[in-house]
Amino acid sequence: MATFKIGKVVLGSLFKKPATRMYPVVAREWQDRTRGHVEIDVTSCITCGICQRKCPANAITVSRDTRTWEIQRMQCVQCGACVDNCPKKCLTMKPEYTAPGGEKVIDTFNIPEAPKPAAPAAPAADGDAAAPAAGGGLKCDTDSCVFCGLCARNCPCSAITVNRDEKQWTVDKSACVQCGLCVEKCPKKCLVIE
Amino acid sequence: MGKRTIIPFGPQHPVLPEPIHLDLVLEDEVVVDVIPSIGYIHRGLEKLVEKKEYTEMVYVIERICGICSFGHGWGASASIEGAMGIEVPERAEYLRTIWHELSRIHSHLLWLGLLADGFGFESLFMHCWRIREHVLDLFEKTTGGRVIFSVCKVGGVRKDIDAATLKEISDTLNALKPEIKKLTDVFLEDASVKNRTVGVGVLTKEDAIELGAVGPVARGSGVYQDIRLTGNGAYHELGFEPMIEEAGDCYARTKVRIRELFQSIELITKAVELIPEGPIDVPVKGNVDGEFVLRLEQPRGEAYYYAKGAGTKFLERMRVRTPTNQNIPSLVKMLKGCDLADVPILVLTIDPCISCTER
């Protein structure tokens with residue numbers, strides 16, 4: 001009597017709480033891991049643009065000239081590629097979804113100018129993760145460099161080339177975004193961003 | 001011979017969640033020929049490999065389909081890993097297997113609901129989807145997404161599941177078993193449901209093999225075929241055996257999927273017991289230079305992934321062949337000779353996913 005079985009299930013639901021929620025009166029409970037929207041900590045962003053390049057949905061636009069970070073909320077697919085690849089870890093994924101609406105939301109954030117280092121000639125010796133100043137460039141003190149290649153392997157933009165045999169260290173300045181990852185990873189602390 | 005009439009079926013039709021068009025050639029009420037046509041939802045995702053780095057391409061490939069999205073993410077990652085010669089940690093393989101089987105449960109529950117909707121059993125449809133919500137909640141808790149998970153990456157998985165949550169997954173599924181059984185009994189025993197499925201759309205074993213049927217369609221016709229037997233992920237350690245039914249009709253295909261539902265719960269319970277400790281990913285360096293072919297058993301059947309790199313950060317070619325693509329010839333064969341009223345049920349029993357087919 002399978003018909004009776006479904007009858008019991010159906011009649012049983014009359015006396016149970018509804019399986020659905022009275023949205024939007026009853027708020028949705030978010031899980032800790034829910035990928036809802038991307039948030040940015042503007043104080044540590046260095047406008048390197050890696051998030052823009054990695055975004056599969058082309059939802060992020062970073063402008064170094066106007067120092068803005070822009071995200072098209074309706075275009076973002078919440079994959080988290082930007083969060084994973086951000087060298088300064090200034091992007092985070094938060095649980096709440098963007099509110100539904102008739103218009104495509106674009107959020108623009110202004111990135112404050114990075115503070116100029118107090119003494120540019122003497123950068124932090126411990127590989128400080130402070131945002132490097134815009135302008136200038138990445139330099140290597142080849143006297144103390146051991147040409148280990150860690151900087152090249154960790155460079156998110158493949159801007160550094162290290163030739164161990166010929167003891168050569170080169171940086172493609174057009175590709176370098178001065179994220180400072182190489183400076184942090186360098187075991188001999190021979191890299192500086194000026 | 002009666003007068004022939006052509007009835008267009010789709011691309012918009014109540015039983016079709018996605019657009020496919022069938023021209024049904026009828027003699028009286030009997031279908032004598034079928035001309036399928038696709039092309040309503042092509043997005044050209046494979047072409048994007050030329051613009052998206054291979055690490056990010058995984059997130060594009062998994063968006064081929066909203067139901068087997070985990071499998072597509074796994075297939076894309078594993079084919080790239082194969083081309084690069086990367087060995088994935090064992091824990092990551094187990095986690096992938098657990099998520100993949102959860103996908104199968106939610107896919108089959110969704111399909112059962114659609115089938116119930118197809119023959120007009122609305123309350124059964126609603127209850128199947130009510131249970132599916134519990135599985136989606138487990139997905140959200142462990143991956144952060146309900147439909148698109150983005151947990152697979154080249155080199156492993158992005159998120160771990162702690163022991164307490166693994167136990168919760170296994171406990172929740174085992175607690176759902178009696179509820180699922182109450183509903184599946186209706187599909188298997190209710191006389192009015194059986195009238196719509198038993199003996200309808202028979203696909204013989206020979207036809208299934210000849211037409212290259214895959215997944216539950218092939219297994220419902222008695223073909224011993226399941227890519228999980230080849231031991232992807234952790235299947236080789238879980239003692240997997242495919243579910244086979246011999247009749248080849250709609251009822252057999254439904255029964256295969258129902259048996260697979262319970263089997264998936266068993267596989268997850270076993271995987272939770274056996275999952276080893278350890279890392280969940282390995283660092284990935286360099287670019288893809290080589291090619292690799294991988295087959296994976298999606299909820300709908302065998303999917304095929306081909307990745308080819310050319311030494312740059314972009315792949316040269318990514319090819320995905322999905323199960324529905326393979327099952328359309330079998331569908332055409334099944335439809336010939338059936339009644340017009342059975343067409344919606346028959347179209348549903350191959351579990352068509354047109355987004356997958358057209359990519």
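These values consider heavy atoms only, across backbone and side chains, with no hydrogens, waters or symmetry-generated copies. All of these numbers come straight from a predicted model, not from anything done at the bench. Below, read A as the first sequence line, B as the second, and so on, with proteins coming before strands; counting in each chain starts at 1.
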*Asks:* A quick test of your reading: do over 12 heavy atoms of other residues, nucleotides or ligands sit less than 6.0 Å from CD of B/Glu122?
*Replies:* yes

*Asks:* At a heavy-atom separation under 4.5 Å, does A/Asp32 approach chain B through its side chain, its backbone, both, or neither?
*Replies:* neither

*Asks:* Could you measure the distance from the CG atom of B/Asp137 to the CD atom of A/Gln31? Nearest 0.5 Å is fine.
*Replies:* 7.0 Å

*Asks:* Minimum heavy-atom separation for A/Asn85 to B/Glu56, with atom names?
*Replies:* ND2-OE2, 3.5 Å

*Asks:* When you check the gap from the basic side-chain N to the acidic O, do A/Lys16 and B/Glu179 get nearer than 4.0 Å?
*Replies:* no

*Asks:* Using non-hydrogen atoms only, which part of B/Lys52 is less than 4.5 Å away from chain A: side chain, backbone, both, or neither?
*Replies:* side chain

*Asks:* Closest heavy-atom contact between B/Arg158 and A/Cys79?
*Replies:* NH1-O, 2.7 Å

*Asks:* Heavy-atom distance under 4.5 Å to chain A: side chain of B/Glu53, backbone, both or neither?
*Replies:* side chain

*Asks:* Look at A/Ala19, A/Pro56, A/Cys55, A/Gly36 and state which one has the largest set of heavy-atom pairs under 4.5 Å with chain B.
*Replies:* A/Pro56

*Asks:* Say whether, by atom type as modelled, one donor and one acceptor occur between the side chain of B/Arg63 and the main chain of A/Val77 under 3.5 angstrom.
*Replies:* yes

*Asks:* Using side-chain heavy atoms (C-beta onward) and a distance below 4.5 Å, is B/Thr55 in contact with A/Lys54?
*Replies:* yes

*Asks:* Give a yes or no on whether A/Lys188 atom NZ has more than 12 heavy-atom contacts from other residues, nucleotides or ligands under 6.0 Å away.
*Replies:* no

*Asks:* Could you tell me which portion of B/Phe149 (side chain, backbone, both or neither) has an atom closer than 4.5 angstrom to a non-hydrogen atom of chain A?
*Replies:* backbone

*Asks:* Please look at B/Leu188 and chain A and tell me whether the side chain, the backbone, both or neither of the residue comes under 4.5 angstrom of a heavy atom of that chain.
*Replies:* neither

*Asks:* What closest approach, in Å, do B/Thr143 and A/Arg35 show between heavy atoms, and which atom pair accounts for it?
*Replies:* O-NH1, 3.2 Å

*Asks:* Report, as yes or no, whether the 6.0 Å neighbourhood of atom NZ on A/Lys139 holds more than 12 heavy atoms from other residues, nucleotides or ligands.
*Replies:* no

*Asks:* Chain B heavy atoms under 4.5 Å from A/Ser13: which part of the residue, side chain, backbone, both or neither?
*Replies:* side chain

*Asks:* What is the minimum heavy-atom distance between B/Lys159 and A/Arg33, and which atoms define it?
*Replies:* CB-NH1, 3.6 Å

*Asks:* When rounded to the nearest 0.5 angstrom, what is the spacing between CZ in A/Arg21 and CD in B/Glu133?
*Replies:* 8.5 Å

*Asks:* Contact between A/Val10 and B/His127 at the side-chain level, heavy atoms closer than 4.5 Å - yes or no?
*Replies:* yes

